[in-house]
> 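Quick one: structure below, then a few questions.
In what follows, every chain begins at residue 1, and chains take the letters A, B, ... in the order their sequences are listed.
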Amino acid sequence: MFEIAKKDLLQSFKDKKGLLLSFLLPIVLIALFSLVYGGFQSSSKDRAQRLLFCDDDQSEMSKNLQAELEAEKGLILSIKPLVEAENLVINGEFPSALLVYKGFEDSINQSKSAPVEFIYDESRELEMGLTQKALMSTLMPFLGQQGSKSQVHSFIDDKYGDEMPEEMIAEIHDDIEQQFEPDQEESSIGTSTIESRAVSVKEDMPWGLIQAFAGTSVMMLLFSITGMGSSIIKERDSGTLKRILYSPIKPWEIILGKFSSGFVFAMIQMSILVAFAWLAFGLDIFRNFSGLLLLVFATAMAVSGFGILIASLAKSQKQVESLSLIIILVMSALGGSMMPLFLFPEIIKTVAHFTINYWAIDGFYDVLGRDVGISGILQNTLVLLLFSIFSSLAAIFVFTKRLKKDY
Amino acid sequence: MIKIEEISKQFGDFTALNKLSLHIKKGEFYSLLGPNGAGKTTCINIISNITKASSGHVEIAGFNSQNQNQEIKKVIGVIPQEIALYEDLSAFENLKFWGKINQVKSNILNEKIMEILKFLDLYDNRNQKINSYSGGMKRRINIAAALLHDPDILFMDEPTVGIDPQSRLFTYEIFEKLHQQGKTIFYTSHNMEEVERLSDRIGIIDHGQLIAEGSQKDLKEQLKMEETIMISFEKNVDEALLSNSIILSNSYYFKNQQLYVSSKSANEDLVHLLQSFAKNDLQVSQIEIQKVNLEMIFLKLTGSKLRD
């Protein structure tokens, strides 16, 4: 098994042009994409954005606000206690949160500034434009309306409370409530403001570079390793596979040999790209270095499994090329290699979970930009390793079945 | 050493082998002769255990192919028809890989490689990449890769295909030396000369069936064939015209503008042939009476010519 891996690596390193392309192309693309993502901030597509809503006030008014936000099509609301909010955003679980503090209803009734805060993950600053747009279109009218309504109620009570019968005052308050129904009072935008702040573990984090590095590395890794995995087809066509089968080597050992060479190559390629991002762009790779190593390992495993599975499924070199091109491009597009995922509709974001790119890129965000520790990337690592195990097992199954058919 | 009992192999509707039985003794050089598509490679694939027979039984060196696959693979070496080498690696790197794959111990592998490279006269070219080798040199490395683990049994599947005449002779010498070393050799070919030169026994296979078996002498006796009349013509002759001229029941084939006719009584048949050529205005330039060759035997048995 290791002999096959050693031989494959020897062949790969003898192909100087191929080698140069494997390492140089991703480097060029990382540089290019990091420039592109740097100037990406003006995007304002109207897409549904995830928002964490934390209601510490638990008043009728804060519940009304929650209901209004849930009805907003541009937002997908999740509810969590206030104490968890900041960590959930920092850890990347949610891109942003709206924090409604105690005294929310009282402040509005007293026409004071509402104790509401909007926090967001600095790494997702690009998508905040979209979230804020959706949020503000609901929140500001709500606050303005509630503020104005309170002011009118207070005015009636102060001015006529002692002079008019209670029943009449109550009737006037009912009329005021009806007048402030949302469909009748679309223009009542108040003057309330909310604080917003970016939360991240470090100021000026190069999120564009992290996106470019993670997205491009994973995509290029998939291409390189699928190319290496396709050596099974070359071996079959040249007769060397048949010759290997004459030896005491078992079919599953051939697949694991190919897997191993792909894995070693992927580790080398990733290491070079990490080193490049560190040396050329100053990416802080040591902030969670053990996490980074773990993630590089898991990504290399997943990609190697994918490579041999594609090579086992294809019947010819041409099929490997076209199959891998289609699958890798689709997976890269859906998984966030080409564009940050927030630009896509929610359905695509869900589908992204079925790609290697998504889990690897999300993990790289964690280890390069967020202080999540090893535990924060365990889920990503586990999913990538599961990808690797299942694709390798599937490759062994398909390969063995094909051998029986071919010979 | 090799026992094949009634093996059959079906690929869909196509029968590649049909109840083929062979018994090959230890140290014997056995050649399976047949045209392309006769079932030779399928036979090697089955007995070397990479293809499962549809039915039948194979025993190699006392090991049953059903459940002793790994043991069999350790005692056999296969020289495939194609050059199954890594073109971008050197001869040494190739042999190192094939040695390790065949479980040759690391401490003796280098020595073994050098020994074989010298035996095959390729020692000086050991660090050259295979893609810089000539066809003959590639063939020799292809042979070397099967010898590293010193197998008792060698399967050679048309190992001289596409080789130049000089290299071919050198390759024959290698095979003869291996035979002298006591290796049991199972050889497939559709080349008459090499089979005639190398084999102790010959099996003739056609459409997946063994149609004759024995030494060359045995085969001639079985068919009661004694001589071959070889006739050359002054001008190029159309084979179709020639076939009209021969009113003999004897087998014949036409190759390189020469007619070969099998005969039990050469003198009588020759008179008959010359009369027939004269009638058809065919000018004969040379006549030779030879001992019957394998090609003629094959023709007699199968009714068709072997393709080179």
> Which residue in the set B:K74, B:E71, B:H149 passes side chain to side chain contact (heavy atoms under 4.5 Å, CB included) when paired with A:P248?
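The side chain to side chain contact (heavy atoms under 4.5 Å, CB included) with A:P248 is passed solely by B:K74 among B:K74, B:E71, B:H149.
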> Looking at CD of B:E82 and OG of A:S238, how far apart are the two atoms once the value is rounded to the nearest 0.5 Å?
8.0 Å
> Counting only heavy atoms not in B:K19, do more than 12 fall under 6.0 Å of its NZ?
no
> Relative to chain A, which segment of B:D88 carries a heavy atom at a distance below 4.5 Å: side chain, backbone, both, or neither?
both
> More than 12 foreign heavy atoms under 6.0 Å from CZ of B:F11: is that the case here?
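More than 12 heavy atoms, drawn from other residues, nucleotides or ligands, come within 6.0 Å of this atom.
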> Do A:T240 and B:W98 have side chains that get closer than 4.5 Å, going by heavy atoms?
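Heavy-atom side-chain distance check passes, below 4.5 Å.
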> Please state whether the side chain, the backbone, both or neither of A:I4 comes within less than 4.5 Å of a heavy atom of chain B.
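Backbone plus side chain of A:I4, per the 4.5 Å heavy-atom cut-off to chain B.
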> Compare all side-chain heavy atoms of A:K6 with those of B:F97 and state whether any distance is below 4.5 angstrom.
no
> Can you tell me which portion of B:L85 sits under 4.5 Å from chain A's heavy atoms? Options are side chain, backbone, both or neither.
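Looking at B:L85, backbone and side chain both touch chain A.
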> Decide yes or no on side-chain contact (heavy atoms from CB on, under 4.5 Å) for B:N102 and A:I249, but give the supporting numbers first.
CA-CA 8 Å; B:N102 283 292; A:I249 294 270; over 6 Å; no
> For B:D157, which atoms come within 4.5 Å of any heavy atom of chain A: side chain, backbone, both, or neither?
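Neither part.
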> Do B:I50 and A:K404 make a side-chain contact, defined as non-hydrogen atoms from C-beta onward lying under 4.5 Å apart?
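Side chain of B:I50 against side chain of A:K404, heavy atoms only: no contact under 4.5 Å found.
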> For B:E111, does the CD atom have more than 12 heavy-atom neighbours from other residues, nucleotides or ligands under 6.0 Å away?
no
> B:E93 versus chain A, heavy atoms under 4.5 Å apart: side chain, backbone, both or neither?
side chain
> If we only count heavy atoms from C-beta on, is the B:K96 to A:K7 side-chain gap below 4.5 Å?
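No, every pair of side-chain atoms sits at 4.5 Å or beyond.
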> Name the region of A:K234, side chain, backbone, both or neither, that has any atom closer than 4.5 Å to a heavy atom of chain B.
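Neither part; nothing is under 4.5 Å.
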> Which heavy atom of A:G239 sits nearest a heavy atom of B:A84, and at what distance?
O-CB, 3.5 Å
> Rounded at 0.5 Å granularity, tell me how far CD in B:Q70 sits from OG in A:S247.
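Here the rounded value is 8.5 Å.
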> For A:Y246 and B:N45, does a side-chain donor sit closer than 3.5 Å to a side-chain acceptor?
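B:N45 and A:Y246 do have a side-chain donor-acceptor pair below 3.5 Å.
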> What residue, out of B:T51, B:V78, B:T42, has the most heavy-atom pairs lying under 4.5 Å from chain A?
B:V78
> Under 4.5 Å, counting heavy-atom pairs only, tell me which of B:L89, B:N49, B:N69 racks up the most with chain A.
B:L89
> Picking from A:R243, A:E253, A:K242, A:K250, which has the most non-hydrogen pairs under 4.5 angstrom with chain B?
A:R243
